[in-house]
Amino acid sequence: MHNLLHNLNDEQLAAVTLPAQSALILAGAGSGKTRVLTTRIAWLIQTGQVSPSGILAVTFTNKAAKEMLTRLSAMLPINTRGMWIGTFHGLCNRLLRTHHRDAALPQTFQILDTQDQLSAIKRLLKAHNVDDEKFPPKDVMYFINGAKDSGLRAHDIEPYNADERKKVELYQLYDEQCQREGVVDFAELLLRTYELLSRNQPLREHYQQRFQHILVDEFQDTNDLQYKWLKLMAGQGGHNGGVLFAVGDDDQSIYAFRGANVGNMSAFEREFNVRNLIKLEQNYRSHGHILDAANVLIANNSKRLGKNLRTDAGHGEQVRVYEANSDLSEASWIIEETRNLIHDGASRSEIAVLYRSNAQSRVIEHALFSAGIPYHVYGGLRYFQRAEVKHAIAYLQLMDNPHNDSAFLRVVNFPARGIGVRSIETLQAAADQYGISLYAAVPYVTGKAGTALSGFVKLIEGTRFETQQMSLPELVRVVLEQSTLLAHYATEKEGADRIENLEQMVSAATQFLSEEGYGQGAPAHLGPQAQASAGAAVVNQDGLEIIDADAPLSTVMSPLSAFLSHASLEAGDNQATIGQEAVQMMTVHSAKGLEFNNVFITGLEEGLFPHESSSREHDGVEEERRLMYVAITRARQRLYLSFAQTRMLHGQTRYNMKSRFFDELPEDALKWLTPKVQPSWFGAKKSAWDEAPLVGSDRALAQQIANKSSGSGWRIGESVAHAKFGEGVIVNIEGSGNNARAQINFGSSGMKVLDLSIAKLDRL
DNA sequence: CAACTCATACCATAA
DNA sequence: GTATGAGTTG
């Protein structure tokens with residue numbers, strides 16, 4: 001037992017051994033957060049305070065859940081069965097499958113991912129003749145998800161204008177459509193579970209009593225619904241025996257745009273009467289200058305719970321800052337530095353290049369490629385999101401639940417079998433008339449269209465019959481053949497990769513069976529074994545029988561259903577290149593939770609980082625600053641910051657000021673590789689334009705600029721000052737003489753178009 | 001009905 | 001520069 005607590009610092013030890021009361025752990029970057037979380041669980045079990053089945057640990061990503069499980073198995077001699085460790089969505093899926101009747105869902109309900117949801121909404125809008133100019137499908141989707149993430153149904157929303165009334169109406173219709181089709185979206189998994197437990201008291205009390213200790217990772221990322229869900233599980237305020245142990249860092253809250261509410265941290269403190277607030281401020285990752293930079297930067301935020309990281313590692317190197325003429329020269333500088341690092345013995349996988357938006361990666365990728373340096377870009381398409389894989393999945397979904405109209409529409413004419421737009425319209429009309437699914441409406445369509453459609457139905461039915469007794473991998477194989485997907489891609493010239501991906505599904509199915517504890521030979525279609533016999537039935541104090549979701553998956557769903565859930569809930573890795581010795585490229589968002597010896601943070605320009613859209617959002621700049629904080633704290637030993645004077649973005653050249661974050665970093669911690677001219681960036685800019693040798697495209701650009709400036713006396717790229725708007729850069733000049741107007745980027749004051757004969761501008 | 005061209009929009013993202 | 005969607009042609 002003591003070796004469990006060995007090597008913990010005082011703060012960590014205090015957190016791990018807290019009494020059984022709700023607690024909030026403010027865990028700074030690199031402070032050993034996951035370690036505290038897992039050791040806490042191990043300690044609770046080892047000291048006999050709780051049995052494994054009393055533990056519920058919730059994470060946001062499968063990766064985090066897996067990591068916890070791995071660490072726990074290493075720490076505990078006993079097996080981890082009985083503990084519930086998983087993502088919000090994974091746990092909800094399990095609960096809903098078990099209690100599908102109470103939740104009013106078919107046992108084979110299917111999960112829509114974001115793509116599916118969007119297409120479902122497009123379908124809905126079309127069906128109800130909604131003008132998709134006025135109500136773009138994406139907006140409707142954000143509206144619906146936003147409502148669900150706050151725990152609101154359509155009837156809970158009081159619309160404040162006609163447009164919103166319409167959206168609420170669409171929300172209602174969307175939910176009805178999903179219910180009809182037997183599908184749920186991601187937010188619905190949580191909301192359904194929440195509603196189920198709210199309304200079913202015995203069930204709620206059963207789980208509340210079971211889970212004596214609930215632990216949450218990345219608590220700052222919870223949305224309103226997730227917090228309500230946790231409160232319900234714990235029994236509000238922990239009064240029903242549940243104890244909530246929340247770990248998070250308000251300074252690393254970077255997901256407000258998807259509904260995360262940092263306010264949950266203070267709400268939790270208040271509502272659960274948290275007396276145990278522990279700050280983990282000892283950082284085991286970064287050298288001093290890097291940590292100083294992070295601390296000083298984040299101090300500019302007003303809304304903080306307050307935390308200051310410290311390290312024993314010594315100052316280390318200063319943060320290196322580089323100003324480039326263009327995005328291209330920024331990239332070549334990165335190559336140069338990367339080469340130096342590798343030459344000095346750095347491993348490529350310990351070098352990370354971070355950027356604010358994916359669009360920035362192209363130039364850097366190109367440069368790395370030309371230089372022959374292996375690299376790996378995070379965040380591409382994941383396995384189960386690839387078109388061909390989604391097609392195959394759609395066929396499988398129809399095997400399990402033919403009323404899933406999304407799946408039906410995806411493959412009814414793919415590969416092409418002569419079922420076109422008109423046929424579908426006819427079918428849709430029939431389905432609407434009888435209020436049934438497209439699949440069920442096929443018999444009502446006559447004529448040529450009807451023949452083609454019933455051919456498709458026969459294909460599905462036939463395949464289902466044929467595969468009745470087959471195992472999941474066999475089923476997948478047959479579906480790939482019968483659907484003619486393999487044959488189709490064989491005729492495409494770029495189809496080889498796609499065929500390979502499809503073939504891979506068979507092995508994915510095999511692997512899935514062994515990981516989930518299904519027998520390899522178990523018939524894929526066979527429904528769950530009788531639940532009562534699985535020993536999952538529990539009788540609660542009221543004598544009511546509760547089926548507890550704590551049972552092997554095989555008792556809750558068929559191998560096929562389980563595999564389909566898996567495909568939706570674990571999209572898989574994006575590339576199989578893991579383990580390769582490669583430079584790591586990713587957005588700052590996806591870098592959260594990772595660490596590297598050497599980190600480049602690129603594109604530090606106003607409008608890009610902080611992103612221009614952030615100034616419009618409430619507290620947007622504070623979130624961007626937290627994002628920068630996350631980026632800085634990824635680095636262990638060496639950190640590079642860079643920005644470019646000009647940048648091609650979305651096919652046009654942009655001229656941005658350097659990021660305001662440079663003014664918020666401590667000077668002592670920085671080392672400028674290019675001259676920094678005081679007091680502001682403008683001087684440096686000017687000298688760079690006048691003196692720096694221009695090469696390649698830079699020269700062409702300069703030429704363009706020289707031409708454009710003719711007559712007005714001003715030049716694109718020139719820095720100016722305006723009495724009202726402050727300092728800015730001329731981005732474009734139109735017209736000439738008295739009609740000359742300049743488009744000027746005033747940074748935080750925004751982009752303005754000023755008449756050059758009227759506006760009073762000063763050169764800088 | 002299917003294959004093609006052309007125009008348009010674009011921040012970050014896990015489940 | 002790429003992905004979606006509408007419009008156009010065989």
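Proteins come first, then strands; the chains are lettered A, B, ... in the order of their sequence lines, and each starts at number 1.
Residue A:Asp113 is classed as having no contact, given no heavy-atom separation below 4.0 Å to the nucleic acid. At the heavy-atom level, A:Val588 lies nowhere under 4.0 Å from the strands shown. The residue A:Asp221 sits apart from the nucleic acid: no heavy atom pair falls under 4.0 Å. Within 4.0 Å of A:Ser357, counting heavy atoms only, lie sugar-phosphate atoms of the nucleic acid but no base atom. Contacts of A:Arg422 with the nucleic acid, taken as non-hydrogen atoms under 4.0 Å apart, involve only primed sugar atoms and P, OP1 or OP2. Looking at heavy-atom distances under 4.0 Å, A:Asn93 makes no contact with the nucleic acid at all. In this structure, A:Glu617 reaches the bases: a heavy-atom distance under 4.0 Å links it to at least one base atom across the strands shown. Contacts of A:Phe88 with the nucleic acid, taken as non-hydrogen atoms under 4.0 Å apart, are absent. Within 4.0 Å (heavy atoms only), A:Phe60 reaches sugar-phosphate atoms of the nucleic acid but no base atom.
Under the Watson-Crick or G-U wobble criterion, with both distances below 3.5 Å, C:dG1 is paired with B:dC10.
Under 4.0 Å is where a charged nitrogen must lie from a carboxylate oxygen, and between A:Asp175 and A:Arg153 at least one such pair does. Ion pairing of A:Glu181 with A:Arg123 is present here, as a side-chain N (NZ or NE/NH1/NH2) and a carboxylate O approach within less than 4.0 Å.
Counting distance only, with no hydrogens placed and no angle test, the side-chain atoms of A:Thr114 and the base atoms of B:dA15 include a donor-acceptor pair under 3.5 Å.
In this structure, A:Asn413 does not reach the B:dC1 phosphate: none of its side-chain N or O atoms is under 4.0 Å from OP1 or OP2.
Between A:Tyr355 and A:Phe600, the ring centre distance reaches or exceeds 6.0 Å.
Taking the ring centre of A:Tyr255 as origin, the terminal cationic atom of A:Arg258 falls inside the region bounded by 6.0 Å and 45° from the ring axis.
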